[in-house]
Amino acid sequence: KLAFTPFLVKPYHLVKPVSVTILPERSSHHQDNLPKLPVPPLRQTFERYLLMLEPLLSEEELDHTRKLVKEFLIPGGVGDRLQRSLERRASNKENWLTEWWMQSAYLDSRMPVAVYSSPGVALPRMTFQDRQGQMSETLPIEYLGGKPLCMDQYYQILSSCRIPGPKRDTVVNHAIGKVAPTHITVVHNFQFFVLDVYNSDGSPLTVDQIYMQLEKVWNSSLQSNKEPIGILTSQHRNTWGKAYNNLIKDKTNKESVRAIQKSIFTVCLDAPMPQMSEQRYQSRVAAQMLHGGGSRWNSGNRWFDKTLQFIVGEDGTCGLVYEHAPAEGPPIVFLVDHVVEYMRRMEVVRTPMTPLPMPPKLRFNITPEVKKDIESAKQNMNIMSHDLDVNVVFFSDYGRNVPRAHKLSPDAFIQMALQLAYFRMYKMCCSTYESASLRMFALGRTDTIRSCSNESLRFVQAMEDPNTEKVFLLDKACQAHREYTHMAIHGQAIDRHLLGLKLQAIEELTSMPEIFMDTAYAVAEHFNLSTSQAGAKTDCVMCFGPMVPDGYGVCYNPMADHINIAITAFNSCEETHAANFGRGVKKALRDMRSLLEETANAKQ
């Protein structure tokens, strides 16, 4: 009857990450000793900026930008002044970038969080129930290359929620108050319930108790004709901000909204989606995680402002969607790994005999104005969900094992496959965004790995030419990517520094420097390929929408012997096609493997 998996995550009793070294110590001891994010040298950034533009611009366009850079870097000029201001900001703040980044990348954005910001994670179909085990009360520090990483993001994902504002949103974290929340919210058939996951003595509910409580929620919310109040959160942020203020004028509505916002996380018990072929199943699940499938299906069974929403369908589909402002992907991926690993344990805990009260239902008074807002949100969500083209590629030929066997970075190798697929499809290369973690630094978020380079361009051009040293050029391209990645995670990439200089100019109310008004800067920031590696131990796929109207969102999870890839595009753009690009990526990966094997065989 109930094909969902009950689970419990206690606040702060968090995940044991994978793919980095874990030491059993509490993160609070090391947080104060993390280095500050540096401000890179001004000339270094602009030398690398010009180098990055070379494969993207004509020689004439480059000459124009070189002149602007030269003017910007005149000693004592505008560049020097902004750099000094940025360095002063860095000396006065724990992290000169984080607040700016959170605002400019997320909270200032007026686009809907569904599709345009919030990533989804689709997990393998699950129909089992786990047994309750004991969770560690420590959050182990992660290390990368022997250096400790900032753990702050882990403390932002539970009991937090985004709040819409007229011009800028905010994020409220209720876990840092005097009394941490002890409830989750559960939504089924668009109806929200408060489910306390702790007993009065502070002990967590057992799995059997949670199961019984979820069953009570399920049985008391079988009516499917309720107003989908949650769909309001999928709107354009200005529209939702106005609807939000109207909604919470009512005292009952305000209390219900606050209960959702304060909850540890939300569990969405979804209705089954339409049947389709196994080939299309994963793509449909990925779309369901991103936006719920439209108003007819599960888009109203969400509160998209909630940082963490676990989604479990009656048909066994399962995954999550998370609001991106408080945290990047790695803490979420590690949480997924922890939950999946935790469910494999079979420790049995005796369930107390004391009966638990019925989880209270959250009430909403639907005024004619709220009803009108809901109808508008339904229409816009249906347009948005129909416009998003989602294609999940299960590449089963090989995984990270092949590039590693040839001493190549799997991440760099996959990025070169994306470059090759794009070049073959469009006969040009494009600005490519790959996220790099800055968690070596206090409160670090991300910078950009620029996967499109002179070296990648030479490689993809060579793949169309039978008379070139293709393997040599592939090796060079992968090496250039590794070097840029190293530079980025050590705080020496160009994108956040450029953003900082631009925002500093805005803050000082000076005229915008010409370098940021240049067409070349617009080209550099127009990421036709927005990419990320999920890096999960779990055989899952993460997905997110494209960054630009004529671009692709590409997220990949390289397993040992296969690669999960999620590709998104907008149907409203005639030039992009997720399935076609997916086929291009598969062909590129196959051709690159053949290239490596042919060369290896020729040497024997």
Side-chain angles (χ1 to χ4, degrees), residues 9-38 40 90 94-98 101 121 135-158 175 322 326-342 399-401 403-404 407-412 414-415 434-449 481-493 496 532-538 540 542 555-560:
V9 181
K10 192 173 180 180
Y12 301 124
H13 299 191
L14 279 166
V15 301
K16 181 171 279 190
V18 295
S19 78
V20 288
T21 308
I22 303 297
L23 296 184
E25 49 188 286
R26 293 184 73 85
S27 61
S28 55
H29 296 322
H30 89 290
Q31 194 72 20
D32 293 340
N33 296 321
L34 287 169
K36 284 187 171 188
L37 178 69
E94 192 172 0
N95 187 305
W96 64 264
L97 171 64
T98 297
W101 175 246
V121 180
M135 298 190 72
S136 165
E137 297 202 10
T138 61
L139 174 55
I141 301 166
E142 297 166 37
Y143 284 75
L144 181 62
K147 295 184 178 179
L149 300 182
C150 179
M151 304 301 290
D152 179 73
Q153 290 177 42
Y154 284 92
Y155 294 94
Q156 309 305 324
I157 57 179
L158 299 178
Y322 75 95
E328 308 301 339
I332 306 297
V333 166
F334 296 151
L335 178 57
V336 167
D337 283 340
H338 173 82
V339 168
V340 172
E341 183 59 35
Y342 184 67
R400 58 178 180 260
N401 52 349
R404 279 183 177 169
K407 297 182 171 58
L408 294 172
S409 155
D411 182 64
I414 294 168
Q415 284 288 332
E434 182 187 0
S435 53
S437 174
L438 289 175
R439 287 175 57 216
M440 281 188 182
F441 305 99
L443 305 183
R445 294 292 297 256
T446 63
D447 208 326
T448 308
I449 301 166
H481 185 273
R482 284 191 66 181
E483 288 170 3
Y484 202 108
T485 301
H486 183 269
M487 188 172 77
I489 64 175
H490 287 85
Q492 298 297 316
R496 301 299 181 264
S532 184
Q533 178 180 198
K537 182 172 135 186
T538 304
C540 64
M542 184 179 277
C555 194
Y556 50 93
N557 186 17
M559 308 302 286

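Below, all heavy atoms of this structure are taken into account, side chains as well, without hydrogens, waters or symmetry copies.
Put simply, OH on Tyr484 and CD on Glu434 are 11.5 Å apart, with the number rounded to the nearest 0.5 Å. Separation of atoms CG (Leu408) and NE2 (His481) is listed at 12.5 Å; rounding is to 0.5 Å. Between the NZ atom in Lys147 and the CE atom in Met440 there is a gap of 5.5 Å [rounded to 0.5 Å]. One distance of note links OH of Tyr154 with CG of Leu335; it measures 8.5 Å at 0.5 Å rounding. Taking CZ of Arg439 as the reference point, atom CG of Asp152 lies at 9.5 Å (rounded to 0.5 Å).
The main-chain N or O of Gly399 is found under 3.5 Å from a side-chain atom of Asn401 such that the two form a donor-acceptor pair. In this structure a side-chain-to-backbone donor-acceptor pair under 3.5 Å is missing from Arg400 to Pro410. No donor-acceptor distance shorter than 3.5 angstrom exists from the side chain of Lys36 to the backbone of Ala442, with no hydrogens or angles considered. Of the possible polar contacts, none joining the Thr538 side chain to the Cys540 backbone as a donor-acceptor pair under 3.5 Å is found.
Residues Asn557 and Gln533 are not in side-chain contact: their nearest non-hydrogen atoms beyond the backbone lie 4.5 Å or more apart. Using a 4.5 Å heavy-atom threshold, the side chains of Glu341 and Lys537 count as touching.
Taking each heavy atom of Ala327 and Ile157 in turn, the nearest pair found is CB-CG2, 3.5 Å. Of all non-hydrogen atoms in Ala534 and Met542, the two that sit nearest each other are CB-CB, 4.1 Å. When all heavy atoms are compared, the tightest approach of Pro40 to Ala493 is CG-O, 4.0 Å. Across every non-hydrogen atom of Ile449 and Ser435, the tightest pair is CD1-O, 4.0 Å. Pro38 and Gly491 make their closest contact through CG-O, 4.0 Å (heavy atoms, listed as atom of the first residue, atom of the second, distance).
Ser409 pairs by the side chain to side chain contact (heavy atoms under 4.5 Å, CB included) definition with Asp411, Ala412, Arg482, not counting sequence neighbours. Remark: Pro148 pairs with His30, Leu34, Ile141, Tyr143 by the side chain to side chain contact (heavy atoms under 4.5 Å, CB included) rule, at least two apart or across chains. By the side chain to side chain contact (heavy atoms under 4.5 Å, CB included) test, Leu37 pairs with Asn95, Trp96, Leu97, Leu438, Phe441, sequence neighbours left out.
The existence of a salt bridge linking Arg445 and Glu328 is confirmed by a sub-4.0 Å separation between a basic side-chain nitrogen and an acidic carboxylate oxygen.
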